[in-house]
Chemist: 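Please read through the structure below; I'll follow up with questions.
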Amino acid sequence: MAEAVVRELRASFTAGRTRPVEWRAAQLTALVRMIEEKEADISAALQADLAKPHMESYLHEISLAKASCKFSLKGMKSWTKPEKVPSAITTFPSTAQIVPEPLGVVLIISAWNYPFLLSIDPVIGAIAAGNAVVLKPSEIAPATSSLFAKLLPEYVDNSCIKVVEGGVDETTDLLEQKWDKIFYTGNGTIGRIVMAAAAKHLTPVALELGGKCPVIVDSDVDLHVAVKRIVVGKWGCNNGQACIAPDYIITTKSFAPELVDSLKRVIKRFYGEDPLQSADMSRIVNSKHFNRLTSLVEDKKVADKIVYGGQTDEKQLKIAPTLLLDVPLDTALMTGEIFGPYLPIVTVEKIEDSIDFINSKTKPLAAYLFTKNKKLQDNFVTNVPAGGMLVNDVALHLTNPHLPFGGVGESGMGSYHGKFSFDCFTHKKAVLIRGFGGEATARYPPYTQEKQKILRGLINGSFIALILALLGFPREKR
Amino acid sequence: MGSLAEERALGYGGLVSDLREVYESGRTKDLEWRQSQLRGLLRLLREKEEEIFDVLCEDLGKHRGESFRDEVGSLAKSVEDKLQNFKKWAAPEKASSLLRLIDSDCSQPVYLAATPLVAFPATAFVMPEPLGVVLIFSCWNLPIGLTLEPLSGALAAGNAVVVKPSELAPSTAAFLAANLPKYLDSKAVKVVEGGPDVGEKLMEHRWDKVLFTGSSRVGRLIMTKAAKHLTPVALELGSKCPCIVDWLDSNRDSQVAVNRIIAAKWGTCAGQACIAIDYVLVEEEFAPILIELFKSTLKRFFTKPEFMARILNKKHFQRLNDLLDDPKVASTVVHGGYFNAKTLSIEPTILLNPPLDSDIMTEEIFGPLLPIITVKKIEDSIKFLKSRPKPLAIYGFTRNEKLKRRIIEETSSGSVTFNDAIVQYGMDSIPFGGVGASGFGQYHGKYSFEMFSHKKAVLKRSFLIEFMFRYPPWDDSKIGLLRHAFRYDYISLFLALLGLRR
């Protein structure tokens, strides 16, 4: 079945359907219309899949998707133009340019936590770059998946953009086909499987994976503002089920009590006394993840460190915002990506120690620092490798389309957003145009001493050597 | 860490962890260090030039003229370019973070950031950082260039590096193993010699990036092993690079074209290069003219056998010999065809229309055999190319602007060069790399630096401005305010903030 889909898309691509900028613009414009007209349906699907509050759906998925579409619509004209670049003296006279071209037929495998945005955003990039696309939405967010299957054919060119729904079997079938690029958002385990499958066909991949995103909190901050941002960045982002949500906090032993107090106050303010009843919090996506999360705090070693929250409602699949303090570092909670509403706080002697702590773990997708201390900021930016980083806020960097969004090391490879999405699905073809003039016999055998001398000068950029070469030196007997 | 022999027996774990330690110490990130390494490379190229010519001659029978042109000369220029620019490339690059309220070419306010108000104000920049400890697999046909060009990029980007030269060019491998530690920081740059088993052992480890130049078969193995560790890879693979030759009216143009094609086939490691011209496409009527010109020019150029490289080894010699086994192929030879097994040299050989399903037309030739395929109209060559795997380079000799445009727009390849060949390799301003079957990842010039870098996004905010509608509990009025913000309807937002503020 996947084979038939790929065959059809390849035929459409080879026929040139996706190349004209007008076609690409028409698809993107249709997507904008789809998002505007079907906003209620999208929000309802997200509510069904994740109990996502309407505000989050709007703020984090719908509006970002629309903005991404519009940004690409506006930028596409200049992005698709060839870029002139300087030519070299050795090839004088010549002109050189870089011509962007689509890779061909691409596969986009999306994730369940931001099932609308993480599907549509890469699709926007692929279309803007002129590719034919297959979107495989996550089956763990079934309402959104079937919404895509129903809506996309109504709005976009179905001969070039297709939705394939399904689980492991369908995904495996898709991964066996030959693609020109595979874009995967999800976890490292599946990421490895995707890359290994791609290797069989020498298909390049982009992997948007996760990690443990640390938040360093210094004592010199405007604490109330900092904590509000941390709280909304953690539990206001799909209840912690986001690749860029804060995974754990690092602060000094002396500052921890004040920080914990402030966190408690803000959590109460935002989610009330009984957060399980709050309509402003997403639920855990399914019972598998619910059980995964609750088992993280089963061990008494961990449970004893809970300083706030911990309530769960299995029927509703809800877990309350939970704070833990100084959990033993060898526990599962502290070694694996949490992806849920638990927020452990790690304490260190000096705030500078937090840099080494972060660097002792694998490179995260995002790293955050709250401080007014410029030296600490510089130390952080220079010495902590991460996909991206934010100082004095959380998560927002992904909203700036001028910044590349992607991981490094275990958190992934490749980046997108804004023009980077376009580049992700583009091949930058180098084009060198020479004429028949400027014939330098010095390049050809027989390789005499004189020729080598001139060639040496020419390659070293010597203008005189160039003139000599162009004048036909050394002269040959015919 | 033990000797390299011990390391080999133990699987190189010690080597990798030592390099990681060196990298973590921050030594290679230092800009002064990077500068010293690039300078070291330049000194190596200058001081050891004669020795480099010697080893290339030993390994491949390359004439020093060719070695200078294709490996030493362009490489020195390229390293010089990196030396001059790496500081600029390593500096943080500002990104726009402000919202532009009015767009210049339309009357409606248009935004640049998705949540401008919520994220305002902020400073944004992209910070390049080294990937860490990287591995470079080189190839045997340009054993100096294919090792040192990516090495210079990795060093300029601040990485620790392991280089694995091809064992099929043993003199060059030994040269690199002996000299790189002398001219570079031997604690952070290592040369590991050996064959496929060594490559396999090295790939058992996690790297921060791997660059592989070689065949598709091995490329697949490398990427499969890399997947286990989520090691990002760049693959520079082979392909059949076609050369489209249009009808050229003037004799001078034809001669220039032939000169350049000959240089790009037999003058470049005897055709054993990923960007060498593999075969020619030409109109039926022009073919005989072209063939005559080839014959006469070949005689003029290759007056001595030493002016053409030899075939790498017996295995490849036999492989090329076998391409002419099929009598249907052998009968199409119109020039050359003499194979000297003793000296491992093959004279420049031209074939006219061998069967398209024969090995010589389906596999990468990588040798001094040049098939000429005729078409009725030169435009037919575009369709011919579209049905075949994407090559590393497409060449076209033509004055027809329309044909040039069609080739650029309707075919896909790593690069396209008109009216010359191979020369694109030495340019630092254009990226070098394949697409589709010819690989992925690009380098040369600034692209070499970027290949071994991660561009980290950084956003900085202040505590000053807060918008309360960002936080729960959320209700309709907050959503309403946000909608105004997102529609960039600032007047309504302003009024709303004044009037509706709770």
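Order of the sequence lines sets the chain letters (A, B, ...), proteins ahead of strands, with each chain counted from 1.
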Chemist: Tell me, side chain or backbone of A:Lys200 under 4.5 Å from chain B's heavy atoms, or both, or neither?
Modeler: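 Answer is backbone: N, CA, C or O of A:Lys200 sit under 4.5 Å from chain B.
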Chemist: Is chain B contacted by the side chain of A:Leu398, its backbone, both, or neither, given a heavy-atom distance below 4.5 Å?
Modeler: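 Neither; nothing under 4.5 Å.
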Chemist: For a quick test of reading the model, state the closest non-hydrogen atom pair linking B:Met223 to A:Ala198 and the distance between them.
Modeler: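 Result for this residue pair: CE-CB, 4.0 Å.
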Chemist: Does this structure show an ion pair linking B:Arg260 with A:Glu439, if we count only N-O contacts that are shorter than 4.0 Å?
Modeler: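 Between A:Glu439 and B:Arg260 there is a salt bridge, with a charged N closer than 4.0 Å to a carboxylate O.
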Chemist: Please flag which part of A:Ile98 lies under 4.5 Å from any non-hydrogen atom of chain B: side chain, backbone, both or neither.
Modeler: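 Contact with chain B is through the side chain of A:Ile98 alone.
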Chemist: Based on non-hydrogen pairs under 4.5 Å, which of A:Pro385, A:Gly236, A:Gly418, A:Ala88 is most in contact with chain B?
Modeler: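 The residue among A:Pro385, A:Gly236, A:Gly418, A:Ala88 with the greatest pair count is A:Pro385.
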Chemist: Measure distances from B:Lys304 to the heavy atoms of chain A and classify the residue's part below 4.5 Å as side chain, backbone, both or neither.
Modeler: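 B:Lys304 has no heavy atom closer than 4.5 Å to chain A.
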Chemist: Which heavy atom of A:Phe436 sits nearest a heavy atom of B:Asn419, and at what distance?
Modeler: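 For A:Phe436 versus B:Asn419, the nearest heavy atoms are CZ-OD1, 3.3 Å.
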Chemist: So which of A:Ala226, A:Gly104, A:Ala196, A:Pro204 has the biggest tally of heavy-atom pairs under 4.5 Å with chain B?
Modeler: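 That would be A:Pro204.
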Chemist: Distance to the ring centre below 6.0 angstrom and angle to the axis at most 45 degrees; does that hold for A:Arg456 and B:Phe68?
Modeler: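 Yes, A:Arg456 and B:Phe68 form such a contact.
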Chemist: When you check the gap from the basic side-chain N to the acidic O, do A:Lys363 and B:Asp208 get nearer than 4.0 Å?
Modeler: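 Yes.
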Chemist: Can you tell me how the ring of B:Phe307 sits relative to the ring of A:Tyr447, calling it parallel under 30°, perpendicular over 60° and tilted otherwise?
Modeler: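 Rings of B:Phe307 and A:Tyr447: perpendicular, over 60°.
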Chemist: Out of curiosity, B:Ile430 CD1 to A:Leu432 CG, how far, rounded to the nearest 0.5 Å?
Modeler: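 Spacing of CD1 (B:Ile430) from CG (A:Leu432) equals 5.5 Å.
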Chemist: At a 4.5 Å cut-off on heavy atoms, which part of B:Phe440 comes close to chain A: side chain, backbone, both, or neither?
Modeler: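 For B:Phe440, the contact with chain A is made by the side chain alone.
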